[in-house]
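To find a chain, count down the sequence lines: A is the first, B the second, and so on, and within it residues start at 1. All values reported here derive from a predicted model rather than from experimental measurement.
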2 protein chains.
Amino acid sequence: MTRPPQKRRVETRARLLAEASRLIEAQGYAGLRVEDVVEAAGVAKGTLFAHFRDKDGLLAVLIGVEVMHLIDGMETATPPQDLPQLMERLEPLLDFVASDRVIFDLLLRYSGSTGAERDEVVAEGFYRQIDLWAGWIAGMQAAGTVRGDHPPALLAEGIQAFLNQVIAIRFCQGEQATGTPAEALYPFLAAWLVT
Amino acid sequence: MTRPPQKRRVETRARLLAEASRLIEAQGYAGLRVEDVVEAAGVAKGTLFAHFRDKDGLLAVLIGVEVMHLIDGMETATPPQDLPQLMERLEPLLDFVASDRVIFDLLLRYSGSTGAERDEVVAEGFYRQIDLWAGWIAGMQAAGTVRGDHPPALLAEGIQAFLNQVIAIRFCQGEQATGTPAEALYPFLAAWLVT
DNA sequence: CTGCAAAAATGACCATGGTCAATTTACATA
DNA sequence: TATGTAAATTGACCATGGTCATTTTTGCAG
């Protein structure tokens, strides 16, 4: 018999998330310090770890929310009819993940994790995204603009793979990265989705 | 005018690497502590950081060496003629990278980095590997066992992408991962390399 | 209202990676 | 061999994420 959380707990959690979000907006993900978050939220350090498994657990919630919004946006838009339209739909997510190394690392670590106890926002977003893309692909297969010789789910996971690849290489290249992530992604998707 | 390193420096570096390697063999990558390494090597903590940028820098050298050996093995073997043979050639590398989360994370972080000052072993291995694969692919394209409508370099990078994807998902799944990495990789490569 | 058990929060404490001014050692040159 | 300088090393110190026994608060039963 697990009781529902007390009002105080809910408020504290909300304050921690809100202050963390504010600090990140001001100084980026990389600069976020646990000490700063708890001070801003007016709680002791131990409290943060009573609400989140670790610092990454907190970040996962914040990033998960962003990803969910981006997926909402993708779901709302009309399904793409061909590769250029697919690229358009993917671009916001691509830019978000490519915007900060911390985001990328965290998504790569948690995505697909069957978050038994882990904050599940990220894993949930991951599956939503794959399902959504698979649906798009099924439509494009029907329209004949995408290869039909493999199941949509496989092709959708492949999109994920190329997305990660392109972004990983960008971060490794550091400053000397050239062009947009989308430009780097295009040739891979063209080869992957069209025969 | 930069002088060559003194004998003492070379020896110290070798001792640090040897002891770290020994400790890793005993307790795995994740359990390696800087304190233990310097104690075993009989040097002060600061010395380690005078030889390697950070803990990951040391790990990169050790892992880079392993990767180089694996690439040596791939180079020595006869080039694959078709997809099943390609899988066979890739398997040792796949298993190595999948064997430890620390290895995977580090390779993903450093691979492709133009290691201006960074220990370059990993980046170098990355390019060697892509070049090698591209060569294989060119051969298979000529033999007609792999699609010829895209440049070998692109297809080679795609192999890398799927390799990472498969392993990332395995680590996220944790204990409940099923089958071998190679089994998970096969359908992706089949779709990627054959039309 | 009171007592009490579970929930929530606390903060001193720990673990570990990393820094850097000070010290020691190696080696080229006179 | 004496000496000066650059290389190499040192270890006290710091930064920061994370722990846990203890204390405070909450809300319910009597």
Tell me whether the OP1 or OP2 atom of C/dA7 has a side-chain N or O from A/R9 closer than 4.0 Å. no
Phosphate OP1/OP2 of C/dA9 contacted by A/H51 side-chain N/O (<4.0 Å):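 Answer yes for this pair, as a side-chain N or O of A/H51 is under 4.0 Å from OP1 or OP2.
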Where does the angle between the aromatic ring planes of B/F162 and A/W192 fall among parallel (under 30°), tilted (30 to 60°) and perpendicular (over 60°)? tilted
Of all the choices, [options], which nucleotide is nearest to the side chain of [X] once you look at every atom?
X	options	result
B/A44	D/dG11, C/dG17, C/dA8	D/dG11
B/V43	D/dT9, D/dG17, D/dT10	D/dT10
A/K55	C/dG18, C/dA9, D/dG17	D/dG17

Could you give the [atom1]-to-[atom2] distance, from [X] to [N], as a whole number of Å?
X	N	atom1	atom2	value
A/Y29	D/dT16	OH	P	20 Å
B/D36	C/dA15	CG	C1'	12 Å
A/L48	C/dG11	CG	P	15 Å
B/E35	D/dA12	CD	P	12 Å
B/E11	D/dA7	CD	P	18 Å
B/L59	C/dG17	CG	C1'	12 Å
A/L58	D/dT16	CG	P	17 Å
B/F52	C/dT19	CZ	P	15 Å

Give the angle between the helix axes at the two ends of the helix from C/dC1-D/dG30 to C/dA30-D/dT1, taking five base pairs at each end and rounding to 10°. 10°
Charged N-O contact under 4.0 Å between A/E25 and A/R22: no
Main-chain N/O of [Y] paired to [X] side chain as donor or acceptor, under 3.5 Å:
X	Y	answer
B/S21	B/L17	no
B/Q160	B/I130	no
A/R15	A/A41	yes
A/T145	A/Q81	yes

At their closest point, which heavy atom of A/A156 faces which heavy atom of A/W133, and how far apart are they?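 Looking at all heavy atoms of both residues, the closest pair is O-CE3, 3.7 Å.
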Can you give one letter per nucleotide of nucleotides 19-29 of chain D, 5' to 3': B if a protein heavy atom sits under 4.0 Å from the base, S if only from the sugar-phosphate, - if neither? BB----SS---
Got a sec, which residues hit ring pair (Phe, Tyr, Trp, His ring centres under 6.0 Å) with A/F49, two or more places apart in sequence or on another chain?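 In terms of ring pair (Phe, Tyr, Trp, His ring centres under 6.0 Å), with neighbours along the sequence ignored, A/F49 is linked to no residue.
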For side-chain contact (heavy atoms from CB on, under 4.5 Å), just list the numbers for B/E75 and B/R128, CA-CA rounded to whole Å, side-chain angles, deciding distance to a tenth of an Å, and then say yes or no. CA-CA 10 Å; B/E75 266 179 349; B/R128 251 186 94 193; 2.7 Å; yes
Contact nearer the 5' end of DNA chain D, comparing B/A50 with A/L32: B/A50
